[in-house]
Undergrad: 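Quick one: the structure is below, questions incoming.
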Amino acid sequence: MRTVVVGAGIAGAAAGYELARNGVDVTLVDPRTPGRATSAGAGIICPWSSRVEDPDWYRFARAGAEHYEELRAALAADGETELGYRRVGSLRLTTEDEADDVLRYVSGRAAESPLAGDVELVDARRARELFPPLGHEGPAVHIPGAARLDGRLVRDAMCRAAVKHGARVVEGAAEVVADGPGGAARGVRVDGAFIGADSVVVAAGAWAPALLEPLGVTLRIAPQRGQIVHLRLPGTDTTDWPVVLPMSSHYLLAFDDSRVVVGATREEGSGFDHRVTAAGLKEVLDEALAVAPGLADATHVETRIGFRPVGPDIRPLLGAVPKVPGLVVVNGLGASGLTMGPYAGSLAARLARGADPGTDLAAYDPLR
């Protein structure tokens with residue numbers, strides 16, 4: 001069997017890896033488009049404290065978090081261990097008035113997922129011990145099982161591992177080729193060269209609608225620009241600092257090299273305008289310093305831009321496209337791409353090779 005995966009972000013790389021591990025002849029097409037969400041994303045794995053109440057979204061996000069245990073083991077067996085992954089825990093900041101309700105909500109979810117660990121309420125002093133730049137004066141819910149990772153490292157590890165299992169990586173812009181209107185997908189054309197396939201997985205993120213439109217397939221995805229700031233605290237050991245989740249949609253997390261990542265904007269209607277804007281930078285830094293004033297003297301390292309693929313609702317878009325047999329779509333992961341991406345890609349791979357995905361995907365219909 002031959003399959004082409006279009007898009008080598010976190011979901012596409014996972015699909016390619018899953019297919020190659022199962023003996024499928026895989027070609028992974030990587031357009032290397034500036035602004036890919038995977039290249040910019042922060043990498044927070046903590047679905048248990050999310051404010052999203054949609055049960056189908058949460059079911060998928062929780063499965064995505066738990067899938068990392070299987071993925072890491074598989075990659076380690078293939079010699080890939082550098083993922084930037086560490087279970088550092090997280091602090092969901094709250095107020096005295098809301099602390100009990102937040103604790104009850106998070107604990108209820110965590111009780112169903114052993115990966116989350118023993119959730120507890122900590123006071124402001126303990127929170128600052130865990131994340132010293134914090135200025136938060138209220139309590140926080142501590143979730144020890146939360147993790148952070150480097151999306152670029154995970155993606156690259158899966159691509160390399162897929163190649164070890166026989167996959168090919170082709171750089172360039174792809175065009176999906178089908179046997180006329182209503183016909184089956186039979187491959188892709190990359191910069192004029194045809195690559196035949198029995199199935200095609202489109203994991204092209206915010207660029208997927210333009211790719212599918214010539215096939216008569218309408219995908220309700222739009223780019224949402226995220227501006228994410230990287231800071232450095234020279235000489236500071238940030239290795240074990242937890243992820244910080246304030247009461248807004250912003251976040252803070254640290255990596256091993258004295259680096260702290262703060263973000264992010266969620267800019268609708270941005271198109272593919274790949275720029276750092278004054279307003280975006282101000283928003284991110286204002287939010288970060290309001291929560292962690294101890295970062296005021298940090299060095300600005302870079303600001304990354306990513307275009308999140310946002311669908312008609314919060315749930316992923318995942319499934320086969322009936323009107324084009326052999327075509328599978330995985331998209332719409334939004335701000336949760338690094339949590340859900342490897343799991344979503346693995347499910348797309350199962351669909352592409354005709355295997356049972358092992359879960360009900362009705363709620364994630366890609367054409368809804």
Side-chain angles (χ1 to χ4, degrees), residues 5-12 14-15 29 31 33 35-38 40-41 50-61 63-64 173-176 178 181-185 188 199-226 249 264-274 305-341 343-345 347-349 351-352 357 359-368:
V5 179
V6 181
I10 194 78
V29 181
T33 311
R36 291 188 298 179
T38 296
S50 172
R51 297 174 178 83
V52 176
E53 296 184 357
D54 184 310
D56 291 310
W57 178 91
Y58 176 68
R59 177 169 66 90
F60 205 98
E175 169 194 355
V176 181
V188 301
S199 59
V200 176
V201 176
V202 173
W207 293 268
L211 187 65
L212 295 174
E213 185 178 6
L215 303 177
V217 176
T218 299
L219 195 65
R220 296 176 61 195
I221 288 289
Q224 181 193 73
R225 183 168 62 185
S249 63
T265 62
R266 299 191 180 197
E267 302 170 64
E268 307 288 350
S270 64
F272 293 100
D273 186 359
H274 191 265
I305 302 293
F307 298 105
R308 305 180 188 93
V310 176
D313 51 50
I314 196 68
R315 299 190 301 277
L317 276 62
L318 173 62
V321 178
K323 68 186 299 183
V324 184
L327 178 64
V328 175
V329 169
V330 54
N331 211 310
L333 305 183
S336 303
L338 295 181
T339 297
M340 298 178 169
Y343 177 61
L347 296 182
L351 293 174
T359 188
D360 183 1
L361 297 177
Y364 315 109
D365 180 357
L367 302 186
R368 68 182 185 278

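This is a predicted model, so every value here is computed, not measured.
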Undergrad: How close do Leu333 and Ala11 get, counting heavy atoms only, and between which atoms?
TA: CD1-CB, 4.4 Å

Undergrad: Considering all heavy atoms of both residues, which atom of Ala204 and which atom of Leu211 are nearest to each other, and what is their separation?
TA: CB-CD2, 4.2 Å

Undergrad: Could you tell me whether the side chain of Thr359 reaches within less than 4.5 Å of the side chain of Arg59, counting heavy atoms only?
TA: yes

Undergrad: State whether the side chain of Ser50 and the backbone N or O of Val52 hold a donor-acceptor pair below 3.5 Å, judged by distance alone.
TA: yes

Undergrad: Less than 4.5 Å apart, any side-chain heavy atom of Ser249 and any of Arg266?
TA: yes

Undergrad: Heavy atoms only: give me the nearest Arg368-Leu317 pair and the separation to one decimal.
TA: NH2-CD1, 3.6 Å

Undergrad: For the pair Thr38 (side chain) and Ile10 (backbone), establish whether a donor and an acceptor sit closer than 3.5 Å, ignoring hydrogens and angles.
TA: yes

Undergrad: If you define the side chain from C-beta out and look only at heavy atoms, does anything of Phe60 sit under 4.5 Å from Ser336?
TA: no

Undergrad: Assign the ring pair Phe307 / His274 to parallel, tilted or perpendicular, where the plane angle (0 to 90°) is split at 30° and 60°.
TA: tilted

Undergrad: Kindly compute the distance separating CE (Met340) from CG (Leu347), expressed to the nearest 0.5 Å.
TA: 11.5 Å

Undergrad: For residues Val217 and Val329, determine if any side-chain heavy atom of one lies less than 4.5 Å from a side-chain heavy atom of the other.
TA: no

Undergrad: Under the criterion side-chain contact (heavy atoms from CB on, under 4.5 Å), I'd like the reasoning laid out for Leu361 against Leu351: C-alpha separation, chi angles, the key distance, then a yes or no.
TA: CA-CA 11 Å; Leu361 297 177; Leu351 293 174; 3.8 Å; yes

Undergrad: Shortest non-hydrogen contact from Gly205 to Asn331?
TA: O-ND2, 2.9 Å

Undergrad: Closest heavy-atom contact between Leu219 and Ala208?
TA: CD2-CB, 3.7 Å

Undergrad: Find the distance between CZ (Arg315) and CG (Asp365) and round it off to the nearest 0.5 Å.
TA: 9.5 Å

Undergrad: Quick one: does Val202's side chain get under 4.5 Å of Val321's, heavy atoms only?
TA: no

Undergrad: Verify the neighbour count for atom CD of Glu268: are there more than 12 heavy atoms of other residues, nucleotides or ligands below 6.0 Å?
TA: yes

Undergrad: Looking at every non-hydrogen atom in both residues, tell me the closest pair between Thr339 and Ala61 and how far apart they are.
TA: CG2-O, 3.6 Å

Undergrad: Hey, are the side chains of Tyr364 and Asp56 touching, using non-hydrogen atoms and a 4.5 Å cut-off?
TA: yes

Undergrad: Run the side-chain contact (heavy atoms from CB on, under 4.5 Å) test on Leu327 and Leu212 for me, step by step, so that the C-alpha distance in whole Å, both residues' side-chain angles and the decisive distance to 0.1 Å come before the verdict.
TA: CA-CA 10 Å; Leu327 178 64; Leu212 295 174; 3.9 Å; yes

